[in-house]
There are 2 protein chains.
Amino acid sequence: MVDKGIIERKLKANNYKLTPQRRAIIDALFEHRGRFIAAGEIHSKTLSRHSGTDFSTVYRNLEILEKMGIIHKTNIRGGAAVYELICDHSHHHHIICKGCGKTEIISACPLEHLMEDVEDKGFTVIDHKFELYGYCSKCYNKR
Amino acid sequence: MVDKGIIERKLKANNYKLTPQRRAIIDALFEHRGRFIAAGEIHSKTLSRHSGTDFSTVYRNLEILEKMGIIHKTNIRGGAAVYELICDHSHHHHIICKGCGKTEIISACPLEHLMEDVEDKGFTVIDHKFELYGYCSKCYNKR
DNA sequence: CTTCGTGCAAAAAATTTGCATCCGT
DNA sequence: ACGGATGCAAATTTTTTGCACGAAG
């Protein structure tokens, strides 16, 4: 996934229409590329691009995007789920500090090592998530 | 993490008390070893072991257990978060079907390949999560 | 025109919090 | 006894749904 254009083509290919709201949501996610963002934040960002966009619209679209493998949904940050756009051209994973919540990017990807094993099980892999949890040096020293 | 005993010792070591509620919650998680379980299910299971246990108690304990690296919290299954006990003696990851939600276990672990890379960043890794998403053969054929 | 998408309003679900009391240690 | 843990009740926050209308292809 290189740019917004590809996402939009992918949507069309699946009979999804290109509404301004949807575009605004994708823009918000795109602007946040590489970081996690919660539904609430996506909603506010979307508002500034297309005022009036409803929260339910945001959720409905996040669900679609997730099913299509365009975004990821994860649970860090206590309560609300966070989302992240998947960009192949900068494919990466995260290490998340359990102390302060800070995240850093890991560029290595472990998938290649076990693709075969998995497809033996009859599953067709279309996406994956790899996250490391630990403590950054600051938080580690505080203990 | 081999058995409940170790979890209990780990709690004591961190000044957490061993209440019957907490024990019941751990038991519920333990009984579910290897599978995901939502807070609601944990609560019901806990009730049968120690009736009266409150939902808030369940959540407070799940938070503690997660912070201690004893359980994992994930988002599949639309709404609620799901939890899973981490057992070293049967360390594994999951592949999750985006169609029907079915999960299967992957025993290979990708972590060893990139431990060094990560610790270079100053992070101390204490836990990790690796999840594959795709379609099981049934759901794949339906498309 | 046909189908999908949206806003609105409301509900349901999930999670969190304050506080008085209770119970492990 | 002390300090953490619990239950209760209530509030918040997050997410989902039904429906009539509007808009994209």
Side-chain angles (χ1 to χ4, degrees), chain A residues 7-28 36-68 70-83 101, chain B residues 7-28 36-68 70-83 101:
Chain A
I7 297 175
E8 301 187 344
R9 261 169 275 148
K10 209 167 172 180
L11 284 167
K12 278 193 182 174
N14 282 66
N15 286 323
Y16 289 114
K17 292 172 181 169
L18 222 43
T19 65
Q21 293 90 333
R22 184 162 287 163
R23 225 188 276 265
I25 291 166
I26 293 171
D27 281 356
F36 288 124
I37 180 172
E41 304 172 65
I42 296 173
H43 180 231
S44 349
K45 275 186 178 290
T46 301
L47 282 182
S48 68
R49 291 217 170 65
H50 187 277
S51 69
T53 306
D54 196 73
F55 231 125
S56 62
T57 300
V58 171
Y59 276 111
R60 285 192 265 238
N61 276 294
L62 289 175
E63 195 187 336
I64 288 171
L65 293 172
E66 203 204 351
K67 282 224 169 121
M68 293 189 54
I70 291 172
I71 60 172
H72 262 155
K73 185 182 184 186
T74 311
N75 254 332
I76 49 171
R77 300 240 270 265
V82 290
Y83 302 83
Chain B
I7 298 175
E8 300 187 346
R9 260 169 275 148
K10 209 168 172 180
L11 283 167
K12 279 195 181 175
N14 283 65
N15 286 324
Y16 290 114
K17 292 174 182 168
L18 223 44
T19 65
Q21 293 90 332
R22 184 162 286 163
R23 225 189 276 266
I25 291 167
I26 293 171
D27 281 357
F36 288 123
I37 179 171
E41 303 172 66
I42 295 173
H43 179 232
S44 350
K45 275 185 178 290
T46 300
L47 282 181
S48 69
R49 291 217 168 66
H50 187 276
S51 68
T53 306
D54 196 72
F55 232 126
S56 62
T57 299
V58 171
Y59 276 112
R60 285 193 263 239
N61 277 293
L62 289 175
E63 196 187 334
I64 289 171
L65 293 171
E66 203 203 350
K67 281 223 168 119
M68 293 190 53
I70 292 171
I71 60 172
H72 262 154
K73 184 182 184 185
T74 310
N75 254 332
I76 48 171
R77 300 241 270 265
V82 291
Y83 302 83

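Proteins come first, then strands; the chains are lettered A, B, ... in the order of their sequence lines, and each starts at number 1. Values reported hereafter were calculated over all heavy atoms of this structure, with side chains retained and with hydrogens, waters and symmetry mates removed.
Side chains of A:Leu11 and A:Met68 form a contact here, defined as non-hydrogen atoms less than 4.5 Å apart. A 4.5 Å side-chain heavy-atom check between B:His50 and B:Thr19 finds every atom pair outside the cut-off. Side-chain contact between A:Leu47 and A:His43: present, with at least one pair of heavy atoms (C-beta onward) separated by less than 4.5 Å. Taking the side chain as every heavy atom from C-beta outward, B:Lys73 and B:Leu62 never approach each other to under 4.5 Å.
Listed candidates were C:dG24, C:dC4, C:dT15. Nearest to the side chain of B:Tyr59 is C:dT15. Considering only side-chain atoms of B:Phe55, the nucleotide from C:dG5, C:dT15, C:dG24 that sits closest is C:dT15.
One interatomic measurement links the two molecules: CG of B:Asn75 to C1' of C:dT15, which rounds to 13 Å at whole-angstrom precision. The interatomic distance linking A:Leu47 (CG) with C:dT6 (P) rounds to 14 Å, in whole Å. Note: CD1 (B:Ile64) to P (C:dT16) measures 13 Å, nearest angstrom. The CG-P distance, from B:Asp54 to C:dA14, rounds to 16 Å in whole Å. Atom CD of B:Glu66 is separated from atom P of C:dT16 by 10 Å (rounded to the nearest Å). Distance CG (B:Asn14) to C1' (C:dT25): 16 Å, rounded to an integer number of Å.
When each of B:Lys17, B:Arg23, B:Arg22 is tested with B:Glu8 by the rule salt bridge (charged side-chain N to carboxylate O under 4.0 Å, His left out), just one qualifies, namely B:Arg23.
In this structure, CD1 in A:Ile70 is found 14.5 Å from OH in A:Tyr83, a value given to the nearest 0.5 Å. Atom CG of residue A:Asn14 and atom CD1 of residue A:Ile64 lie 10.0 Å apart, to the nearest 0.5 angstrom.
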Checklist entry - Please walk me through it: do A:Lys12 and A:Leu18 pass side chain to side chain contact (heavy atoms under 4.5 Å, CB included)? => result CA-CA 7 Å; A:Lys12 278 193 182 174; A:Leu18 222 43; 4.0 Å; yes
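Looking at which nucleotide of DNA chain D each of A:Lys73 and B:Thr53 is closest to, the 5′-most match is held by B:Thr53. Residues B:Gly79 and B:Asn61 both approach DNA chain D. Their nearest nucleotides, taken by heavy-atom distance, put B:Asn61 toward the 5′ side. For the pair B:Leu18 and A:Thr57, both in contact range of DNA chain C, the more 5′-proximal nearest nucleotide belongs to A:Thr57. Ranked by how close their nearest DNA chain C nucleotide is to the 5' end, B:Ala80 and A:Tyr16 are led by A:Tyr16.
When all heavy atoms of A:Thr46 and A:Ile42 are compared, the pair lying nearest together is OG1-O, 2.6 Å.
Residue A:Gln21 places at least one side-chain N or O closer than 4.0 Å to OP1 or OP2 of C:dG7.
Nucleic acid contact for A:Ala38: none, since no nucleic acid atom lies under 4.0 Å from a heavy atom of the residue. At a threshold of 4.0 angstrom between heavy atoms, the contacts of A:Ser56 include nucleobase atoms, whether or not backbone atoms are also involved. Among the heavy atoms of the strands, none lies under 4.0 Å from A:Gly40. Using a 4.0 Å heavy-atom cutoff across all strands shown, A:Arg60 reaches at least one base atom of the nucleic acid.
In 5' to 3' order, the nucleotides of DNA chain D bounding all contacts with chain B (an atom under 4.0 Å from a heavy atom) are D:dG3 to D:dT16.
One end of the helix from C:dC1-D:dG25 to C:dT25-D:dA1 points its axis 50° away from the other end's axis, with each axis taken from 5 pairs and the angle rounded to 10°.
Surrounding CG of B:Asn15 are at most 12 heavy atoms belonging to other residues, nucleotides or ligands under 6.0 Å away.
No hydrogens or angles were tested; on distance alone, nothing pairs the side chain of B:Lys12 with the base of C:dT25 as donor and acceptor under 3.5 Å.
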